[in-house]
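Structure first, commentary second.
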Amino acid sequence: MNHKTAALTTCAALATLTVLCPSTARADETGTATMAVDTEVKLLSDLRNRGVSDSGRKPSLQLGVQVAHESGIIGLAQLSTVSKKAFTDGDGLNLLLGTGYRFGDPDGWHFGVGLAKEFFPGAKFDAPHGIDMEAGVPVDFRRTRYDTAYAVLEIGWGKLEGRILNVLSRTYRGADTGGVCGQILVAGVDPTPALECYARGDNNSRGSMLYELAYRHPLTPTTTLNLHAGTQKIRHFKEADFSDYSIGVTHQRWGLAFTAEWVATRTHRPELFMIPDGDGWKRQDNNTLVVSVSRKF
């Protein structure tokens, strides 16, 4: 185990310990709460990130810890199980860490700014970053990791929430010439789109923009309607642009939250959203119903 993996495992262990404790609020000398810690455990039929499955269209377990200070400063740690086929050579885990500042009126205009980074311990791939046109063979094999860092801007009005993310890391989840053009080459039937991709030169996806809009409307005191729409613009790789939509309901009962959501995704190149499946490929961007059950402590 390398130092990075060991550090992430330590973070996961600390987060697990936190789940065993109830939500807490620390108080100052006047008795006013200054900080709250909330934890959530969730079991999902499929872990979807912007409409695309991170768990290989299989169940996933997720653990989240959020710390909020009355000043508006927040911190987040979230650990999820993911597919080792989607994030190759990895430990099957995704760790998201974030921090930021929120301000404004929760019932009116409110805003937030922050930084976040997601880690995929051990996950990486080797792919060609060029094609020898004379010999017709891929060349310049390099290693790429999936870890991604973001700058986050939130703008909301009441229950309507908007979020804009800018990719600060070299790639967005491994999207570079090897990851995009190489995937189209190996998973596609017609090599022409891959050759056109390679013809644009060697690029990364730093500066990609991700947008999303969410609205939650209470139908009853225990049931909420959830609406979501998002679009992703992957810099230098229009083939990787995609949009997603979802509609669902969450019902609170017995201290648990039950959610059912219909998730739809619109992609330009399906080859980019496939993982190996026996002798073929399995799409991860299919439209599907995702159900989950969660509990907060």
Side-chain angles (χ1 to χ4, degrees), residues 46-58 60 81-92 94 118 120 122-148 167 169-206 208 210 230-245 263-288 290:
D46 189 355
L47 178 61
R48 293 274 165 157
N49 178 71
R50 301 182 175 276
V52 178
S53 179
D54 278 356
S55 57
R57 291 166 56 181
K58 295 180 178 180
S60 173
T81 58
V82 297
S83 169
K84 294 182 180 181
K85 291 183 178 179
F87 302 97
T88 55
D89 287 343
D91 297 334
N94 167 259
E118 54 179 352
F120 298 87
K124 59 189 178 300
F125 63 90
D126 296 317
H129 283 244
I131 295 288
D132 185 331
M133 294 300 180
E134 293 184 0
V137 296
V139 295
D140 192 14
F141 280 77
R142 300 184 213 162
R143 177 159 295 179
T144 301
R145 298 188 179 276
Y146 298 93
D147 300 351
T148 307
V167 175
S169 52
R170 183 173 177 81
T171 71
Y172 169 62
R173 292 183 154 213
D176 58 11
T177 296
V180 176
C181 308
Q183 175 71 8
I184 296 174
L185 181 65
V186 71
V189 177
D190 180 5
T192 304
L195 297 178
E196 293 174 349
C197 181
Y198 276 116
R200 296 199 299 267
D202 190 22
N203 295 294
N204 59 54
S205 53
R206 178 180 284 134
S208 296
L210 292 70
T231 186
Q232 287 63 241
K233 299 297 181 182
I234 310 304
R235 190 180 184 196
H236 296 136
F237 301 102
K238 61 178 183 278
E239 302 92 339
D241 291 349
F242 67 100
S243 301
D244 67 288
Y245 318 87
V263 180
T265 311
R266 298 292 178 266
T267 58
H268 293 291
R269 302 297 321 178
E271 301 95 322
L272 293 174
F273 306 94
M274 295 181 177
I275 61 174
D277 183 34
D279 295 330
W281 297 88
K282 183 179 180 181
R283 289 186 63 165
Q284 304 302 291
D285 61 340
N286 64 310
N287 301 340
T288 190
V290 177

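All values reported here derive from a predicted model rather than from experimental measurement.
Between Asp277 and Arg57 there is no salt bridge, since no side-chain nitrogen of the basic residue lies less than 4.0 Å from a carboxylate oxygen of the acidic one. A salt bridge links Asp202 with Arg142: at least one charged nitrogen is closer than 4.0 Å to a carboxylate oxygen.
Side-chain polar atoms of Thr171 and Ser205 form no donor-acceptor pair below 3.5 angstrom. Side-chain N/O atoms of His268 and Asp241 include no donor and acceptor closer than 3.5 Å.
The salt bridge (Lys or Arg N to Asp or Glu O under 4.0 Å) check on Asp46 picks up Arg48, with sequence neighbours excluded. For the salt bridge (Lys or Arg N to Asp or Glu O under 4.0 Å) test, residues two or more places apart in sequence or in another chain that qualify with Arg269 are Glu271. In this structure, Asp132 has no salt bridge (Lys or Arg N to Asp or Glu O under 4.0 Å) partners at least two apart in sequence or on a different chain. Judged as a ring pair (Phe, Tyr, Trp, His ring centres under 6.0 Å), and not counting sequence neighbours, the contacts of Phe87 are Phe120, Tyr146. In this structure Arg200 satisfies the salt bridge (Lys or Arg N to Asp or Glu O under 4.0 Å) test together with Glu239, sequence neighbours excluded.
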Kindly determine whether Asp89 and Arg143 satisfy salt bridge (Lys or Arg N to Asp or Glu O under 4.0 Å), including the steps that lead there. CA-CA 12 Å; Asp89 287 343; Arg143 177 159 295 179; 5.9 Å; no
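Each of Thr148, Asp54, Thr144 was checked for a side chain to side chain donor-acceptor pair (under 3.5 Å) with Arg173, and the lone residue meeting it is Asp54.
Around NZ of Lys282, the count of heavy atoms belonging to other residues, nucleotides or ligands within 6.0 Å exceeds 12.
Here the straight-line distance linking atom OG1 of Thr177 with atom CG of Asn203 works out to 5.0 Å at 0.5 Å rounding.
Of the possible polar contacts, none joining the Ser60 side chain to the Val82 backbone as a donor-acceptor pair under 3.5 Å is found.
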Between side-chain atoms of residues 187-196 and protein atoms elsewhere (two or more places apart, or another chain), which donor-acceptor pairs fall under 3.5 Å?
residue: Asp190; atom: OD1; partner: Thr192; partner atom: N; Å: 3.0
residue: Asp190; atom: OD1; partner: Thr192; partner atom: OG1; Å: 2.9

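For the pair Thr265/Asn286, no side-chain contact is recorded, criterion being any heavy-atom separation below 4.5 Å from C-beta on. Side-chain contact check for Asp176 versus Arg170: every heavy-atom pair is 4.5 Å or farther apart.
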